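Because the structure is predicted, anything quoted here is derived from the model rather than measured. Indexing begins at 1, ligand by ligand and atom by atom, following the structure's order. Note: hydrogens, waters and symmetry copies are ignored here, and every other heavy atom, side chains too, is used.
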Amino acid sequence: MPKSISGFSKLSKEEKINWIAATHFANAEEVVQTIKKYWNTDASLQKLHDEFIENTITNFYLPLGVAPNFTINGKNYTIPFAVEESSVVAAASKAAKFWGNRGGFKATIINTEKIGQVHFIYNGDKEKLNTFFSQIKPKFFSETEGITKNMQKRGGGILDIILKDKTADLDNYYQLHATFETKDSMGANFINSCLEQFAKTLKDEAQTFDAFTEDEKNITVVMSILSNYVPNCVVRAEVSCNVSELAEKHIENPQEFAEKFVQAVRIAEIEPYRAVTHNKGIMNGIDAVVLATGNDFRAVEAGVHAYASKDGQYSSLSHAKIEDGIFTFWMEIPLALGTVGGLTSLHPMVKIALEMLGKPSAQELMQIVAVAGLAQNFAALRSLTTTGIQQGHMKMHLMNILNQFKATEDERKQVVKHFEKNTVTHSAVVDYLAEIRK
Ligand code: HMG
């Protein structure tokens with residue numbers, strides 16, 4: 001069977017599965033059965049999922065977990081997490097409980113501006129281009145009225161459009177750099193539709209601008225697309241308490257703990273190798289809530305890491321200090337999220353996740369997601385600076401090891417009991433399983 005194929009997209013789902021099984025697997029029948037086992041028995045629900053993407057053959061499950069007891073700006077939340085990594089939900093839950101007893105999390109929206117650009121090439125006189133842009137600028141607004149009408153009713157729309165000269169970086173390269181307010185939608189479709197109209201207006205108007213030579217009229221639009229870098233769509237999440245209030249299990253000396261915690265954050269601020277792992281811990285929380293609420297985690301990831309490098313070196317997204325006996329831990333993070341449009345009303349689990357959060361606005365969701373990231377970071381740093389990460393992480397990972405070795409119910413009970421008093425490591429679990437199986 002050849003390993004490449006033309007017209008694959010036109011095959012039925014059944015034919016696609018059969019081709020894959022026959023082409024890539026020796027145990028084709030077993031593979032087909034496993035793929036089909038993951039189909040939903042409700043045909044209309046399966047059809048909905050099939051149509052989210054292209055060439056769908058089955059579903060790929062991620063667990064949906066919840067972390068209760070989050071207090072954010074005085075309001076109580078149970079936060080849904082879609083994530084495959086053990087200990088993430090437990091860590092968030094533990095941090096929620098910890099800070100819930102110390103005044104909870106505070107979150108503030110700093111700004112909500114989104115960005116889109118028309119990238120174009122103009123080989124001509126710069127002054128003429130500036131004059132041309134000033135003259136036609138109102139047309140960018142008037143010719144997108146059909147697209148912006150509804151968004152304006154909701155209080156959003158195009159904020160501004162400027163002409164950027166980028167010729168110092170790339171010959172003849174300019175941009176229309178536009179800013180938008182997209183209210184409760186993430187705004188990708190709205191922004192891209194506006195940008196494509198700007199591009200058309202730009203090209204059309206150039207044709208009739210008398211001051212341009214024939215060459216100058218030939219503006220080449222390279223592309224029109226939103227930016228997932230949103231440094232002016234930022235939310236701040238914060239926790240603080242008296243240092244003495246930090247005392248708890250594994251934190252016998254709160255002053256020492258607070259100082260070590262601040263030191264750990266400083267290391268992530270100045271050392272990129274550590275910053276990447278530190279921020280990965282933050283993204284454990286961010287991505288999981290972004291996914292559960294039907295938002296685009298790739299866009300969020302790309303934007304967040306660009307923001308982490310905004311001062312010229314990749315650095316920690318979170319910060320910590322002790323001042324006048326008060327411990328403060330905070331983070332400012334760019335998040336372009338939506339609570340309408342996209343998957344938000346289509347995916348049944350996304351609908352449930354958003355309802356669990358009390359049907360938040362996009363701004364409220366930004367606050368919840370940022371808090372989930374900060375909570376995750378707090379939990380990881382707390383473990384790293386006290387017990388070490390492996391103790392808690394491996395405790396949660398125990399079930400994965402038991403599943404890997406197909407432990408029976410009875411074996412599980414014995415293993416869990418044994419490791420209540422012993423440190424979990426992969427080899428210790430394997431050895432103990434072997435011992436009880438003798
Ligand atoms: P513990 O103190 O052993 O937990 O912590 P506990 O059994 O005393 O329970 C206390 C609370 O923790 C519970 O309260 C729950 O809120 C939560 P309760 O519900 O009993 O009122 N909790 C759980 N929630 C759900 N299911 C569970 C569960 N167990 C406890 N099974 C814990 C154990 C894992 C929470 C702790 O050790 C911890 O927070 N560890 C950090 C884990 C972590 O950060 N994991 C992320 C993966 S590691 C990583 O990728 C990031 C990293 O590299 C980032 C970095 O370097 O910065 C570390």
Hey, is Met396 touching ligand 1 through its side chain, its backbone, both or neither, going by heavy atoms under 4.0 Å?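 The answer is the side chain of Met396.
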
Would you kindly specify which portion of Thr277 sits under 4.0 Å from ligand 1, judged on non-hydrogen atoms: side chain, backbone, both or neither?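 Both backbone and side chain.
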
Which residues pass the side-chain hydrogen bond (donor to acceptor under 3.5 Å, both in side chains) test with Asn242, sequence neighbours left out?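 Asn242: side-chain hydrogen bond (donor to acceptor under 3.5 Å, both in side chains) contacts with Glu245.
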
Heavy-atom distance to [atom]: which of [options] wins?
| atom | options | answer |
| --- | --- | --- |
| atom 44 (O) of ligand 1 | Ala264, Ser318, Ala380 | Ala380 |
| atom 1 (P) of ligand 1 | Lys94, Glu85, Arg382 | Lys94 |
| atom 57 (O) of ligand 1 | Lys249, Lys280, Arg274 | Arg274 |

Residue Ala91 vicinity, atoms of ligand 1 by number, heavy atom under 4.0 Å: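 This gives 35 (C), 39 (O), 41 (C), 42 (C), 43 (C) as the contact atoms.
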
Which atoms of ligand 1 are found less than 4.0 Å from any heavy atom of Ala379?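 The atoms of ligand 1 under 4.0 Å from a heavy atom of Ala379 are 39 (O), 41 (C).
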
Donor on one side chain, acceptor on other, Asp184 and Gln363, under 3.5 Å: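 Short answer, no.
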
Could you measure the distance from the CZ atom of Phe52 to the CG atom of Leu346? Nearest 0.5 Å is fine.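 Between atom CZ of Phe52 and atom CG of Leu346 there are 5.5 Å.
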
Can you find a non-hydrogen atom of Val89 under 4.0 Å from ligand 1?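 No heavy atom of Val89 comes that close to ligand 1.
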
Using the ring-ring contact (aromatic ring centres under 6.0 Å, His included) criterion, which residues pair with His397? Sequence neighbours excluded.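 His397: no ring-ring contact (aromatic ring centres under 6.0 Å, His included) contacts found.
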
